[in-house]
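Report on the following structure.
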2 protein chains.
Amino acid sequence: MNINLTPSQTPSEGSATKSAYKRLRELILTGDLAPGEKLKIDGLRDVLGTGASPIREALNLLVSDQLVVRHEQRGFRAAGTSRQDFDEILKLRCSLERMALRESIENATDEWIEELVVVHHRMTRLQAERSAEFEVQHKIFHMTLLSHATSPHLLRFCSQLYDLNIRYRYLAGRSSDYKGRKVDDEHRQILDAVMAKGMDLADTLLVSHYERTGAFLKDYID
Amino acid sequence: MNINLTPSQTPSEGSATKSAYKRLRELILTGDLAPGEKLKIDGLRDVLGTGASPIREALNLLVSDQLVVRHEQRGFRAAGTSRQDFDEILKLRCSLERMALRESIENATDEWIEELVVVHHRMTRLQAERSAEFEVQHKIFHMTLLSHATSPHLLRFCSQLYDLNIRYRYLAGRSSDYKGRKVDDEHRQILDAVMAKGMDLADTLLVSHYERTGAFLKDYID
DNA sequence: ATGTCTAATAAAATCGATTTTTTATTTGCA
DNA sequence: TGCAAATAAAAAATCGATTTTATTAGACAT
């Protein structure tokens, strides 16, 4: 653990559980809490500045996201990572997102296309910086692509896998100079294909977008 | 709520959280706790004979399973049901289990086939009664079919959807005389196809197995 | 040295009480 | 009568302390 922030400064925002959840989630996604690391309640109390109950609650919620694993009577750990896990997530994401994207395009509406354009614009604007804000918009863009599929459960799975994957991105980013990858062209092409309702083209582009990023990251994993 | 059991008799088995989790899960799956029903901590304390903390913990774990929904600052509810949700789960299950089954067959080993035969036998033996024990074996059979796929995440999704679906089965079973459906032939055929490594046949049979059950249940939903 | 039993320590799990928030009920007013 | 503010009741969230369980460290024997 390697944390240098003062105990949660945002005082009166939502419940203690919620802010603990958000903070822990972030710490795990970014790798500040390392894969496999033991998450001791007492230790986290100092970091999060709150009692044991909200932390426990937050930890249990993170189990839903597969970011934390619970060991019966012996506490919690940040979920582990492995090359195998990374590959698996990549493959599964390609399959599931393809399904969702095709459905989405089938159900396309003008409003949806407009939403996509806006969301894409917002993301592009932040492209250069690779800031946290860019990451937020990037996820929104990808999830909006899928958002017109009619299956909430499928979307939930995609969202979950997205987060698990982005964790590897962060981990790669910190142990190396993973940066250079240019993705704006690929996003643009996907958007264009979707707007033209070219289902086959769109899903091919989306999958190869993921596969390229995956290949790029592979070198930095494990 | 309509529960007539004495507070958890099994005293020293595992943690309070674990038994609360198992019990609540069962109550929700079977419909003893109805879809959408408010789950008040205090109320559950009487039923489960334990304090608020383990109940809270169990409830949070059930959120992972999508059997309970959490409403920020206003407690928990049993997840709702709807015709739409039922249809969606059915479709998604067909897609995902097909993927998993194909992978499973690709990676087939002799040991796996033997395991399947045993598991199928155990299930068949209990066929007549439709007991709780049959339900357990039935899930084991279906999950074993998929178990040689190399994607734990995919298997987790399948397992989750299985449980969500079986809940509808129970709900149908109680509001009607859903019983008659004969499924042993279908299971046998699937097993045979898998043993012959007939991937296309196997997944077709599996999907139509689900679709038939789905069609059968539809009348009893909502 | 290696392994097992026991004692001490650390951590997780749970409890009971308190605080905060939400929901229901009553009261006052147009 | 209908609506809104104020109050009362209920429930959720959180806390601090206690109990239980797991982990570590030490003593002893092989």
Side-chain angles (χ1 to χ4, degrees), chain A residues 1 3 6-25 27-28 33-34 36-64 67-80, chain B residues 1 3 6-25 27-28 33-65 67-80:
Chain A
M1 213 191 296
I3 299 157
T6 58
S8 66
Q9 50 285 79
T10 46
S12 58
E13 196 177 336
S15 63
T17 294
K18 189 175 180 179
S19 58
Y21 170 76
K22 293 209 290 190
R23 193 74 221 294
L24 282 172
R25 195 183 150 85
L27 290 171
I28 293 171
L33 289 171
E37 182 172 348
K38 183 87 206 285
L39 305 176
K40 296 187 201 167
I41 310 286
D42 271 339
L44 294 175
R45 281 189 32 173
D46 302 333
V47 181
L48 302 172
T50 167
S53 310
I55 290 177
R56 208 143 232 297
E57 191 120 344
L59 250 13
N60 278 312
L61 290 174
L62 286 163
V63 172
S64 307
L67 290 171
V68 164
V69 294
R70 219 183 104 90
H71 290 87
E72 185 74 19
Q73 316 268 67
R74 59 190 69 170
F76 300 87
R77 284 179 179 276
Chain B
M1 214 192 294
I3 298 156
T6 58
S8 69
Q9 50 286 78
T10 46
S12 57
E13 197 178 338
S15 63
T17 295
K18 189 175 180 180
S19 59
Y21 170 76
K22 293 209 289 189
R23 192 78 223 291
L24 281 173
R25 194 182 150 85
L27 291 170
I28 293 171
L33 290 170
E37 180 171 349
K38 183 87 205 286
L39 304 176
K40 295 186 201 168
I41 310 286
D42 272 339
L44 295 174
R45 280 189 31 169
D46 301 333
V47 181
L48 302 172
T50 167
S53 310
I55 291 178
R56 207 148 232 294
E57 191 120 343
L59 252 11
N60 278 311
L61 290 174
L62 286 163
V63 172
S64 306
D65 303 335
L67 290 171
V68 164
V69 293
R70 218 181 105 90
H71 290 87
E72 185 75 19
Q73 316 267 64
R74 60 190 68 170
F76 301 86
R77 284 177 178 278

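Side chains are part of it too, since the values below use all heavy atoms of this structure and drop only hydrogens, waters and symmetry mates. These numbers come from a predicted model, not from an experiment. The chains referred to below are lettered A, B, ... by the order of the sequence lines, with proteins before strands, and numbering in each begins at 1.
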Output yes when at least one side-chain N/O atom of A:Lys38 is less than 4.0 Å from OP1 or OP2 of C:dA12, else no.
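A:Lys38 to C:dA12 OP1/OP2: side-chain N or O found under 4.0 Å.
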
Has B:Ser15 got a side-chain N or O lying under 4.0 Å from the OP1 or OP2 atom of C:dA12?
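So the side chain of B:Ser15 is outside the cut-off, no N or O lying under 4.0 Å from OP1 or OP2 of C:dA12.
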
Compare every heavy atom of [Y] with every heavy atom of [X], then report the nearest pair and how far apart it is.
X	Y	value
A:Ser15	B:Glu72	OG-OE2, 2.8 Å
A:Ala58	A:Leu24	CB-CD1, 4.1 Å
A:Thr50	A:Arg45	O-CG, 3.3 Å
B:Ser64	A:Ser64	OG-OG, 3.0 Å

Whichever of A:Glu72 and B:Ile41 has its nearest DNA chain D nucleotide further upstream toward 5'
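Closer to the 5' end of DNA chain D: B:Ile41.
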
Starting at atom [atom1] of [X], determine the distance to atom [atom2] of [N], rounded to an integer number of angstrom.
X	N	atom1	atom2	value
A:Phe76	C:dA10	CZ	P	21 Å
A:His71	D:dA22	NE2	P	13 Å
B:Arg74	C:dT22	CZ	P	6 Å
A:Leu44	C:dA11	CG	P	12 Å
A:Arg70	C:dA11	CZ	C1'	14 Å
A:Arg77	C:dA12	CZ	C1'	14 Å
A:Leu39	C:dA11	CG	P	13 Å
A:Asp42	D:dT21	CG	P	19 Å

If you restrict it to nitrogen or oxygen atoms, what contacts under 3.5 Å exist between nucleotides 15-18 of chain C and the protein, and what is each distance?
residue	atom	partner	partner atom	Å
C:dC15	OP2	B:Thr50	OG1	3.3
C:dC15	OP2	B:Gly51	N	2.9
C:dC15	N4	B:Ser53	OG	3.4

Do the non-hydrogen side-chain atoms of [X] and [Y] ever get within less than 4.5 Å of each other?
X	Y	result
B:Asp65	B:Tyr21	yes
A:Thr17	A:Leu61	yes
A:Leu59	A:Ile41	yes

Counting only side-chain heavy atoms from C-beta out, which of D:dA12, C:dA11, D:dT14 sits nearest to A:Lys40?
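Closest nucleotide among those given: C:dA11.
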
